[in-house]
Amino acid sequence: MEKIPVAILGATGSVGQKFIQLLINHPWFEIKELAASETSAGKKYKDVVEWFVSDEIPEQVANLEVKKCEPNLDCKVAFSGLDSSIAGEVETAFAKKGYKVISNSRNHRMDDDVPLLIPEINPDHIELVKKQKYGGGLIVTNPNCSTIGMTLALKPLIDDFGISDINVVTMQAVSGAGNPKKVGLNIDDNVIPWIKGEEEKMEIEPLKIFGTLNNQRIDFNKMNISAQCNRVNVTDGHLEAVQIRLKKKVDKEDIINSWNNFSSEPQKLDLPTAPKKPIHYFDEDDFPQPKIHRNIENGMAAATGRLRPDKFFDFKFVVLSHNTVRGAAGGAILCAELLKAKGYI
Ligand code: NAP
């Protein structure tokens, strides 16, 4: 099969670098173009990137010229890891020129005609792109990184038992804030109890993700969510403490079975980036931990644990997921694979 040429918009950033790492040997997609801000454009990638996701910049991209984020790139698909100050308008411009845009940025997530897609949860929402007016182009978005981990853990429980209320407290990794060398977080010996816009995203995005597709629109889910988000001194991997109120009386074993038995469309289609098992439950008292479990199934699976009854809700547990893989670049690549498998790319 001839590989599909792709561009990475925001290729120098934290998510952009992860896209490169995950796409370099991808069986369906081939990196053809890298683009970033005007400061980086016109120079070789290796001369402008502060590479920090692995030891060396892959040689296939090191000498590529970084382009401006203008819709004249030699590719079909544009993966976007752009800063949200610019992402919205750039992604629209690319879609209007016929590119298939898969975005990690918040700008288009809540648009009526844009799927907020997690392939294991709401693959049917892809249909929304039929409402888009971009000719051959389209925009599909990936949810916020902490939303992805939490909703993966909730999906089988919502299907099997129903959930009415959720309280979540996050402990989010430093890489979620962008390139750690550039953002200058005061994180050594510290916790920062605020992440701009994060709590609002965690409280609204799941309602769209778990919404029902109805005549090419989404009827939002009605559950209640309260979120508190914190930045902690961990390189990668968001850990989240979740309390849930269920619509049915169940035992701990029912929840564990629900997680263990969960499998969905990406697994059925055997998509290249899909984890074999989307949720891994751990029974040990002190698991899961970012340092030990963030790379489970190449960073594409969520790890759950510490499941126990709760005094105020029904149950509480923790969930861990890799923020730049499952929560960003890997999740977006899985969306693109689903789009390809369903004939949209
Ligand atoms: P980042 O490290 O700050 O990277 C931002 C990228 O955007 C860089 O490549 C930068 O290029 C480019 N850029 C900035 N201003 C631009 C402009 N005016 N024109 C063109 N390109 C411009 O940020 P990040 O952490 O990778 O996040 C990227 C996006 O993904 C954000 O919207 C973020 O909210 C979202 N996201 C991030 C994560 C995560 O875990 N990090 C997870 C989910 C979603 P230069 O280097 O040339 O400035």
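Since the model is a prediction, treat every value here as computed from it, not as a measurement. Note that ligands are numbered from 1 as they come in the structure, with each ligand's atoms numbered from 1 the same way.
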field: Heavy atom of the protein closest to atom 28 (C) of ligand 1 (residue, atom name, distance)
entry: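 Among all protein heavy atoms, the one nearest atom 28 (C) of ligand 1 is Gly81 O, 3.1 Å.
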
- Item | Heavy-atom proximity to atom 3 (O) of ligand 1, best of Ala329, Gly176, Gly178 |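 Comparing heavy atoms across Ala329, Gly176, Gly178, the nearest one to atom 3 (O) of ligand 1 lies in Gly178.
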
(message) Tell me the protein heavy atom at minimum distance from atom 2 (O) of ligand 1, and give that distance in Å.
(response)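 Residue, atom and distance for the closest contact: Ser14 N, 2.9 Å.
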
Look at Arg109 together with Glu205 and state whether they make a salt bridge at an N to O cut-off of under 4.0 Å.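 Salt bridge between Arg109 and Glu205, a charged N being under 4.0 Å from a carboxylate O: yes.
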
Provide, to 0.1 Å, the distance between atom 27 (O) of ligand 1 and the closest protein heavy atom, together with that atom's residue and name.
->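 Scanning the protein heavy atoms, the shortest distance from atom 27 (O) of ligand 1 goes to Val15 CG2, 3.8 Å.
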
Distance check, rounded to the nearest 0.5 Å: Thr273 atom OG1 versus Leu334 atom CG?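 Between Thr273 OG1 and Leu334 CG, I get 6.0 Å after rounding to 0.5 Å.
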
Q) Counting from 1, what ligand 1 atoms have a heavy atom of Ser40 closer than 4.0 Å? A)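 Reading through ligand 1 atom by atom, the close ones are 45 (P), 46 (O), 47 (O).
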
Query raised in the report: Taking the six-membered ring for Trp, are Trp28 and His26 parallel (under 30°), tilted (30 to 60°) or perpendicular (over 60°)?
Result: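 Rings of Trp28 and His26: perpendicular, over 60°.
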
_Between Arg106 and Glu200, does any NZ, NE, NH1 or NH2 come within less than 4.0 Å of an OD or OE carboxylate oxygen?_
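No.
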
Enumerate the atoms of ligand 1 whose separation from the nearest heavy atom of Ser175 is less than 4.0 angstrom.
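Under 4.0 Å from Ser175, ligand 1 has these atoms: 39 (C), 40 (O), 41 (N).
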
message: Using a 4.0 Å cut-off to any heavy atom of Cys145, which atoms of ligand 1 qualify?
response: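 Near Cys145, the atoms of ligand 1 are 42 (C), 43 (C).
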
task: Report, in ascending order of atom number, the atoms of ligand 1 lying under 4.0 Å from any heavy atom of Asp83.
output: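 Per the distance check, 5 (C), 7 (O), 14 (C).
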
*Any protein heavy atom lying closer than 4.0 Å to atom 33 (C) of ligand 1?*
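Within 4.0 Å of atom 33 (C) of ligand 1, no protein heavy atoms are found.
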
- Task: With the side chain counted from C-beta on, respond yes when Leu73 and Leu9 share a heavy-atom pair under 4.5 Å apart, and no when they do not.
- Result: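 Side chain of Leu73 against side chain of Leu9, heavy atoms only: contact under 4.5 Å found.
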
Close approach of Thr324 to ligand 1, heavy atoms, under 4.0 angstrom
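Under 4.0 Å: yes for Thr324.
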
Donor-acceptor pair, side chain of Asp236 and main chain of His322, under 3.5 angstrom =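 It does not hold such a pair.
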
### Query
Is any NZ, NE, NH1 or NH2 atom of the basic residue among Asp113 and Lys131 found under 4.0 Å from an Asp or Glu carboxylate oxygen of the other?
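Answer for the salt bridge query: no.
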
Nearest neighbour in protein (non-hydrogen) for atom 4 (O) of ligand 1: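 Answer for atom 4 (O) of ligand 1: Gly13 CA, 3.2 Å.
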
Review point. Between Thr147, Asn104, Val90, Leu82, which one has a non-hydrogen atom sitting closest to atom 31 (C) of ligand 1?
Key: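 The option holding the nearest heavy atom is Leu82.
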
- Message: I'd like to know if Glu337 pairs up with Lys340 as an ion pair, taking the criterion as any Lys NZ or Arg NE/NH1/NH2 lying under 4.0 Å from an Asp or Glu carboxylate oxygen.
- Response: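 Judged by the 4.0 Å cut-off on N to carboxylate O distance, Glu337 and Lys340 do not form a salt bridge.
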
What's the shortest heavy-atom distance between Ala301 and His280, and which atoms?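 Looking at all heavy atoms of both residues, the shortest contact is CB-CD2, 3.7 Å.
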
Quiz item: Is there a heavy atom in Ala87 that sits closer than 4.0 Å to ligand 1?
Solution: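 The answer is no, since Ala87 has no heavy atom less than 4.0 Å from ligand 1.
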
**Prompt:** Are Leu207 and Ile244 connected in a single hydrophobic cluster, I mean Ile/Leu/Val/Met/Phe/Trp/Tyr linked by side-chain heavy atoms less than 4.5 Å apart?
**Reply:**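 Yes, Ile244 connects to Leu207 through the hydrophobic network.
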
Thr12 heavy atoms, cut-off 4.0 Å: which ligand 1 atoms fall inside?
->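 Listed by number with element, the hits are 8 (C), 9 (O), 10 (C), 11 (O), 45 (P), 46 (O), 47 (O).
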
Exercise for review: Using a 4.5 Å cut-off on heavy atoms from C-beta on, say whether the side chain of Leu338 contacts that of Leu269.
Suggested key: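 Touching, per the 4.5 Å side-chain cut-off.
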
| field | Part of Ile86 within contact of ligand 1 (heavy atoms, under 4.0 Å) | value |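 The side chain, only.
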
Can you find an N/O atom of Cys69 closer than 3.5 Å to an N/O atom of ligand 1?
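No - when backbone and side-chain N and O of Cys69 are compared with those of ligand 1, no distance drops under 3.5 Å.
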
Would you mind running through ligand 1 and noting each atom that sits below 4.0 Å from a heavy atom of Ser105?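 Close to Ser105: 29 (C), 32 (O).
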
*Any side-chain heavy-atom pair from Glu91 and Lys96 closer than 4.5 angstrom?*
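No, too far: nothing below the 4.5 Å cut-off.
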
Requested in this report: Report the nearest protein non-hydrogen atom to atom 40 (O) of ligand 1: residue, atom name, distance rounded to 0.1 Å.
Outcome: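 The closest one turns out to be Asn323 ND2, 3.2 Å.
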
State, to 0.1 Å, how close Thr324 and Ser175 come at their nearest heavy-atom pair, and which atoms those are.
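Scanning both residues completely, I find the closest heavy atoms to be CG2-OG, 3.8 Å.
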
Part of Ala173 with heavy atoms under 4.0 Å of ligand 1, whether side chain, backbone, both or neither:
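Answer for Ala173: neither.
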
For Asn179, counting its heavy atoms only, list the atoms of ligand 1 lying under 4.0 Å from any of them.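 With Asn179 as reference, the close atoms of ligand 1 come out as 2 (O).
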
* With heavy atoms of Gly327 as the reference, note each atom of ligand 1 found under 4.0 Å away. =>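 Listed by number with element, the hits are 42 (C), 43 (C).
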
Closest to atom 48 (O) of ligand 1 (judged by heavy-atom distance), picking from Ser37, Gly197, Ala328 |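 The nearest heavy atom belongs to Ser37.
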
